[in-house]
Amino acid sequence: MQRPLRWLWLAVAIIVLDLATKYAASAMLDYARPVEVLPFFNLTLLHNTGAAFSFLADHPGWQRWFFAAFAVGASIGLTVWLTRLKRDETLLAVSLAAIIGGALGNLYDRLVHGYVVDFLSFHVAGWYYPAFNVADIGITLGAIGLIWESVFGEKRRARRRA
């Protein structure tokens, strides 16, 4: 791929949007007090010291540094992978950049605050999906893109080459 690191603009955009929305949520919302936006969606400021779904959040603090180190290592590894992509692997490039942006957005929170700021809360019939943020959206969409590429990408590229 010619100039594969040009896709890092997407990672930067995710980081900026993530940090801006977390700042706004922290400034305008009271902790753990939901603000209803739609019947199934609230803005609820929460602090997550763990990982996805508050995994390991109840531990004494070592997880902060573990997840920070993991985010740094993953971001470096994904950036190296990004530099090795072929010209026709655009979805893969976008997916990697989205994951990098999400990882670094949450890394900032872990290093500066000691927790990740979450504020998007969906619910239905008394069941609440764990709160999340823009960085988590980037990571999730990037992971979906990676899965899509692993299932359909090579077949599509082979058809284009034929």
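- Going from atom CZ of Phe132 over to atom OG of Ser121 covers 8.5 Å, rounded to the nearest 0.5 Å.
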**Asked** Asp136 and Leu120: side chain to side chain contact (heavy atoms under 4.5 Å, CB included), yes or no, with the steps?
**Response** CA-CA 10 Å; Asp136 297 334; Leu120 302 170; over 6 Å; no
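- Minimum interatomic distance between Gly105 and Lys22 (heavy atoms only, all atoms of both residues): O-NZ, 3.4 Å.
- When atom types are taken as modelled, the side chain of Thr21 and the backbone of Asp18 share a donor-acceptor pair closer than 3.5 angstrom.
- Within the 4.5 Å cutoff, side-chain heavy atoms of Val116 are placed close to those of Arg110.
- Rounded to the nearest 0.5 angstrom, Leu82 CG and Ser75 OG are separated by 11.5 Å.
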**Request:** Show your working on side chain to side chain contact (heavy atoms under 4.5 Å, CB included) between Leu46 and Phe119 and close with a plain yes or no.
**Result:** CA-CA 6 Å; Leu46 297 172; Phe119 59 94; over 6 Å; no
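- One N or O on the side chain of Asp109 and one on the backbone of Val117 form a donor-acceptor pair closer than 3.5 Å.
- At a threshold of 4.5 Å between non-hydrogen side-chain atoms, the residues Asp30 and Leu45 do not count as touching.
- Within the 4.5 Å cutoff, the side chain of Ile100 has heavy atoms near those of the Thr79 side chain.
- With contacts defined as side-chain heavy-atom distances shorter than 4.5 Å, the pair Leu96/Leu85 qualifies.
- With rounding to the nearest 0.5 Å, the separation of CD1 in Ile99 from CG in Leu10 is 11.0 Å.
- When every heavy atom of Pro34 is checked against every heavy atom of Asn42, the shortest pair comes out as CB-ND2, 3.6 Å.
- In this structure, the separation between CG on Leu91 and CG on Leu146 is 8.0 Å, given to the nearest 0.5 Å.
- One side chain, Asn133 or Asn106, offers a donor N or O that lies under 3.5 Å from an acceptor on the other.
- Here the shortest heavy-atom pairing between Ser95 and Gly145 reads OG-CA, 3.2 Å.
- In this structure, Phe67 and Leu107 have side chains that are not in contact, with every pair of non-hydrogen atoms separated by 4.5 Å or more.
- Considering only heavy atoms from C-beta on, Leu104 stays 4.5 Å or farther from Val72 through its side chain.
- When ring centroids are compared, His123 and Phe40 stay outside the 6.0 Å threshold.
- Both Ile76 and Leu111 are part of a single hydrophobic cluster, where members link through side-chain heavy atoms under 4.5 Å apart.
- How far CZ of Arg87 is from CZ of Arg3: 10.5 Å, rounded to the nearest 0.5 Å.
- Residue Gly138 comes nearest to Ala98 through the heavy atom pair O-CB, 3.4 Å, listed as atom of the first residue, atom of the second, then distance.
- Under the 4.5 Å side-chain criterion, counting only non-hydrogen atoms from C-beta, Thr90 is in contact with Trp7.
- A donor-acceptor contact shorter than 3.5 Å links the side chain of Ser150 to the backbone of Ile147.
- Residues Ala103 and Ala71 approach most closely at O-CB, 4.0 Å, considering heavy atoms.
- Rounding to the nearest 0.5 Å places CZ of Phe41 at 8.5 Å from OG1 of Thr44.
- Under a cut-off of 6.0 angstrom, the local environment of OH in Tyr108 is sparse, with at most 12 non-hydrogen atoms contributed by other residues, nucleotides or ligands.
- Ring-centre distance between Tyr129 and Phe122: not below the 6.0 Å cut-off.
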